[in-house]
Every structure is written in C-alpha cells, then in structure tokens.
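Below: one structure, written as structure tokens.
What you see below is based on every heavy atom in this structure, not just the backbone, and it leaves out hydrogens, waters and symmetry mates. Everything numeric here is computed off the predicted structure, so don't read it as measured data.
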Amino acid sequence: VLEGLQRVTWITVKDTAFAEARRDALKAIAQVCKTVGVNEDGPCDQVICRNNVSQIYNSLLDCLNDYTTDSRGDIGAWVREAAMTSLMEVTILLVQTQPQLISPDNCRQMMCYLAQLSAEKIDRFRAHAGSVFLRILHFDNPVVPHVPHREELENIFPRSEFETLNWSAPSQAFPPITKLLGLPTYQYRVLLGLTVSVGGLTESTVRYSAQSLFDYLKTIRNDLEAMNKFCGTLIQIFKDNLHNDRVSIPMLKMLDQMLANGCFDIFTGDESHFYAKELLTLCKEEIRKSKDVQKLRASISVFCGLIQFQGEIRKNVLFQLLLLLCYPFPIIRKTTASQLYEMLLTYDDVIDAEVLDEVMASLSDNNWDADLPTVRAQRNHLCDLMGVPKPIIATKLHQGVL
C-alpha cells in the first residue's frame, strides 16, 4: 500500500496537474503509518521499521519541492501543505514509539525545508510551515532527536511565543526566521525562501522580508569570513536555479535591492573578488536569449548596481549595458538608457569628466525606439566616448546538408 501511495506522489509529465491526488496520497501515507504502527525489527510490508522509514521520509521530503503551477495558480502549495502535516505526524509517531528510527539526516532535511517554507511569500502556507516547525522544535513528550542548532533555535523562538507568533503577518514572521541565516545548517534553505519573498510582488511581504535581511547583513557587514560565507551561499542558490524563473527573477530583484543598499561595500574595493565576477557571469547566463521583459529589466538594475565594483568588473558591466542598448526590444533599450543615465549620475567616477556631458546628452536625447541600424550607430558612438569595445554582430552560419 505504501509503495502505491508513494508512486502517486511522483510528478510525471502526464499527471503534473493532478496535485489533489498527490495531496491526498500524502495524507494517506501518514494515516497508514499511524494505523500499522512502528516496530524497528518488524516486516517492512506490515509496519514502519528500520528498512522503510527512510523511504517514507524521502517521499514526504521530496513533495516539499512541489512548485507545480497551472491555470489555478500554485497548485503545488496544496501538496507542500499536506507533506508538512504528514511529516509532523510521522515524526511525532516515531518519537513517541521508536525515536531511534529518526536519523540525523532525515531530521536535518525536515527542519531545513520547514525553515525555508517559513520564509516564503504566501502568508497561509508560511503560517502552516512556521507552526509545524515550532511544533516539532518544542515537542517534549519526548523531544525530537537530532534537531540541528536546537539551543539557538529555542533562543530565537522561545516556547512562550509558540502560540502568540503570527506567522501570517510578515512584520512578525520575517525578523525571527531571518536570524537563522547565522546558523550554517539552515543558511541555504532560509536564504532560498527569503529570495522569493524579497523579490516578490506583495508590498508588505517585500518590505518586511527585505528589511529583516538588511538588518541581518548589518550585523555581519564588517565580518569578512561571514560575508564570504553568505555570498557563497547566495551564488550557489543562483547557480542551482538558473533559468528557473520562480527563483531567478526574484533573485535578480533581491540582488538589485542589496546592491542599492550597500550590502556588499566590504568587497567593492577588491578588484579580484569572486563574488562580483560570479554574479556578472550568472546574470549574463540567466538573460542569454531571453524574451522575458521582467527578467531583462531586473538584470539591467543588477548590472547598474555592479558598477560600484572596480577594475575589470566595471569594464565588463559597461560592455554588457551597452550591448543591451541594442536589444531587439525597444522597451529594453529605453530602460537601459534611462538606468545607465541614472547610474552615471550616481557614480561620477565611471567615465572621464571630459566626455560625461556628451555621454549624458546622448543617452537622454537619442531616440532608442528607432530602427536597429540607427540605434547601433548611436550605441557605437557611446562606446567610442566611454572607451568600451564595440560589440561585434554575430553572423549566422548556414550549413548545407551533405
């Protein structure tokens, strides 16, 4: 029965939209587990035992990554909600009967995923994740074993706040969950959850999640080791989610806010720092051949923010921005010209003062809606003024079939 239910939770091309079936299968898994009971050395086709407990956890944990969408919206949220509830029920069942069956790895993954979901943007599901997270953390009949950083978590989330903390309210939820960025085990998952919130659309969620993130970064902004670790995690999340628009577009929006708020001032004087080079490379890869206007506009803001880094990075950023001045979409050309103008007003050391006025006039006066040959001539003139190599037009090679 368990194997059949586990197969229902798998996402295949044919049944992507059957979120209700996956949700109900997850609920059924927890009910089957509670019905058959636990026996460490029992037969795996009759009870929960050491031979099938990891398989059960893996099925439930995998469903926390279900972000399926269709015309109804984020239908994967129903699956994630059911997976969280089932994880809590199975974990409490095990801890009250055979706690030794809860492995450190299963507990670590469960708590990290719950922390991520507690930092995400949809109020209802964030509230459910947060309540499950605290229920497992504060369960004491007996305590759940192997919870990473238990002591620090209990300081951040005291038992007295278990009932009063309103996870649905961004103003209450984000300040404490953001503190988990300082705990190495949780940093990746919490930052991943915060990314979709900080780069989201809902004003209150964006405001409080971003403020909480900036408040945390203020505490480590002069700690080179902690900042390097944070930036390494940020880069890894970007790499893992390249071309995954659910994460990559909010990531670009979050990076724009972080650069604008001076979160990386400790690195801007270091011409060889890995962070700026990696970020530039990833942004270029993310928008390569893209037709998504929202993504392209977000990337322009990030490129303009990266101009604060000195040396070779600055030259490469200018080249990328001048490349975007000839993008096929007029809206992208106009956005690039406008933001490049504002960036040159903000950072007056980017180009020589002798040509600054002419560059500014060219950016503001030229018609960037014109046909591409005209725009290209305007852009190439800017390249000459700014000392940036002119982009070379790629030619398509047509190869005949032999």
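- Listed by chain and number, the residues in a ring pair (Phe, Tyr, Trp, His ring centres under 6.0 Å) with F267 are H273 (sequence neighbours excluded).
- Going from atom CG of D371 over to atom CZ of R376 covers 9.5 Å, rounded to the nearest 0.5 Å.
- Between the side chain of D70 and the backbone N or O of R72 there is at least one donor-acceptor pair closer than 3.5 Å.
- At least one donor-acceptor pair closer than 3.5 Å links the side chain of Q308 to the backbone N or O of G305.
- Distance CG/L60 to CD/Q6: 8.0 Å, rounded to 0.5 Å.
- In this structure, the side chain of Q257 engages the main chain of V198 through a donor-acceptor pair within 3.5 Å.
- Using a 4.5 Å cut-off on side-chain heavy atoms (C-beta onward), V132 and L87 make no contact.
- Shortest non-hydrogen contact noted between A25 and L5 is CB-O, 3.7 Å.
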Test side chain to side chain contact (heavy atoms under 4.5 Å, CB included) on F139 and T91; report intermediate values, then the result. CA-CA 10 Å; F139 192 80; T91 300; over 6 Å; no
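- By the 6.0 Å and 45° rule, R333 does not stack over the aromatic ring of Y327.
- The side-chain heavy atoms of R135 and F162, taken from C-beta on, include a pair separated by under 4.5 Å.
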Derivation and outcome, side chain to side chain contact (heavy atoms under 4.5 Å, CB included), residues Y57 and D105: CA-CA 10 Å; Y57 264 100; D105 187 56; over 6 Å; no
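- The environment of CG in L345 is crowded: more than 12 heavy-atom neighbours from other residues, nucleotides or ligands sit within 6.0 Å.
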K229 vs E225, test: salt bridge (Lys or Arg N to Asp or Glu O under 4.0 Å). Steps then yes/no. CA-CA 6 Å; K229 179 76 173 65; E225 183 181 351; over 6 Å; no
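- In this structure R288 satisfies the side-chain contact (heavy atoms from CB on, under 4.5 Å) test together with E285, sequence neighbours excluded.
- Scanning both residues, A115 and L180, for their nearest heavy atoms gives CB-CD2, 3.9 Å.
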Salt bridge (Lys or Arg N to Asp or Glu O under 4.0 Å) between E278 and K239, intermediate numbers included: CA-CA 9 Å; E278 287 270 16; K239 283 181 179 176; 3.5 Å; yes
Could you go through residues 212-220 and list every donor-acceptor pair under 3.5 Å that involves a side-chain atom there, pairing it with any protein atom two or more places apart or in another chain?
| residue | atom | partner | partner atom | Å |
| --- | --- | --- | --- | --- |
| S212 | OG | Y208 | O | 2.8 |
| D215 | OD1 | Q211 | NE2 | 2.8 |
| Y216 | OH | L181 | O | 3.4 |
| T219 | OG1 | Y216 | O | 2.4 |

Report, one line per pair, each donor and acceptor closer than 3.5 Å where one atom sits in a side chain of residues 163-178; sequence neighbours left out.
| residue | atom | partner | partner atom | Å |
| --- | --- | --- | --- | --- |
| N166 | OD1 | S168 | N | 3.1 |
| Q172 | OE1 | N166 | N | 3.0 |
| T178 | OG1 | F174 | O | 2.6 |

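- Every salt bridge (Lys or Arg N to Asp or Glu O under 4.0 Å) that R124 has, sequence neighbours left out, goes to E81.
- Side-chain contact between I75 and E20: absent, with no pair of heavy atoms (C-beta onward) separated by less than 4.5 Å.
- Counting all heavy atoms, side chain and backbone alike, L64 lies closest to L117 at CD2-CD1, 3.8 Å.
- Minimum interatomic distance between L363 and W368 (heavy atoms only, all atoms of both residues): O-NE1, 3.0 Å.
- Side chain of N39 to backbone of D41: a donor-acceptor contact under 3.5 angstrom is found.
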Test salt bridge (Lys or Arg N to Asp or Glu O under 4.0 Å) applied to R126 and D123, step by step: CA-CA 5 Å; R126 181 177 66 245; D123 293 349; 2.8 Å; yes
Test S248 against H243 for side chain to side chain donor-acceptor pair (under 3.5 Å), laying out the working first. CA-CA 6 Å; S248 61; H243 306 301; over 6 Å; no
Begin from the C-alpha positions of K34 and E89 and carry the test salt bridge (Lys or Arg N to Asp or Glu O under 4.0 Å) through to its verdict. CA-CA 8 Å; K34 289 193 282 188; E89 291 175 354; 3.6 Å; yes
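- Separating the OG1 atom in T195 from the CE atom in M254 is a distance of 3.5 Å, to the nearest 0.5 Å.
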M343 vs L340, side chain to side chain contact (heavy atoms under 4.5 Å, CB included): CA-CA, chis, key distance, verdict: CA-CA 5 Å; M343 180 265 288; L340 190 51; 3.2 Å; yes
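- In this structure, L134 and R159 have side chains that are not in contact, with every pair of non-hydrogen atoms separated by 4.5 Å or more.
- The salt bridge (Lys or Arg N to Asp or Glu O under 4.0 Å) test applied to D352 returns no partner, not counting sequence neighbours.
- Of all heavy-atom pairs spanning F274 and G232, the tightest one is CZ-N, 4.2 Å.
- At least one donor-acceptor pair under 3.5 Å links the side chain of R150 to the backbone N or O of L137.
- Between S197 and V206, every side-chain heavy-atom pair lies at or beyond the 4.5 Å cut-off.
- Checked by atom type, the side-chain pair Y275/N228 shows no donor-acceptor distance below 3.5 Å.
- Between the side chain of N241 and the backbone N or O of N244, no donor-acceptor pair lies under 3.5 Å.
- For the pair E154 and E151, the minimum side-chain heavy-atom distance is 4.5 Å or more.
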Can you list the steps and then say if D240 with Y188 is a side chain to side chain donor-acceptor pair (under 3.5 Å)? CA-CA 11 Å; D240 294 344; Y188 180 97; 2.6 Å; yes
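- Distance check, rounded to the nearest 0.5 Å: CD1 of I48 to CD1 of I56 gives 4.5 Å.
- One distance of note links CG of D66 with CZ of R22; it measures 4.5 Å at 0.5 Å rounding.
- Heavy-atom minimum distance, D369 versus P330: OD1-CB, 3.3 Å.
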Would E161 and H138 satisfy side chain to side chain donor-acceptor pair (under 3.5 Å), going step by step from the backbone distance to the final call? CA-CA 11 Å; E161 294 182 6; H138 291 302; over 6 Å; no
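- Using modelled atom types, one finds a donor on one side chain and an acceptor on the other under 3.5 Å when comparing Q339 with S301.
- When atom types are taken as modelled, the side chain of S103 and the backbone of N106 share a donor-acceptor pair closer than 3.5 angstrom.
- The shortest side-chain heavy-atom distance between F329 and K291 falls under the 4.5 Å cut-off.
- At a threshold of 4.0 Å, the pair E40-R50 counts as salt-bridged, since one of the basic side-chain nitrogens sits closer than that to a carboxylate oxygen.
- Other residues, nucleotides and ligands place more than 12 heavy atoms under 6.0 Å from the CZ atom of R189.
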K390 vs D384, side chain to side chain contact (heavy atoms under 4.5 Å, CB included): CA-CA, chis, key distance, verdict: CA-CA 8 Å; K390 295 174 187 173; D384 293 336; 2.9 Å; yes
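- The distance from atom CG of L321 to atom CG of L382, rounded to the nearest 0.5 Å, is 11.5 Å.
- Residues P148 and L183 form no side-chain contact, since every pair of their non-hydrogen atoms from C-beta on lies 4.5 Å or further apart.
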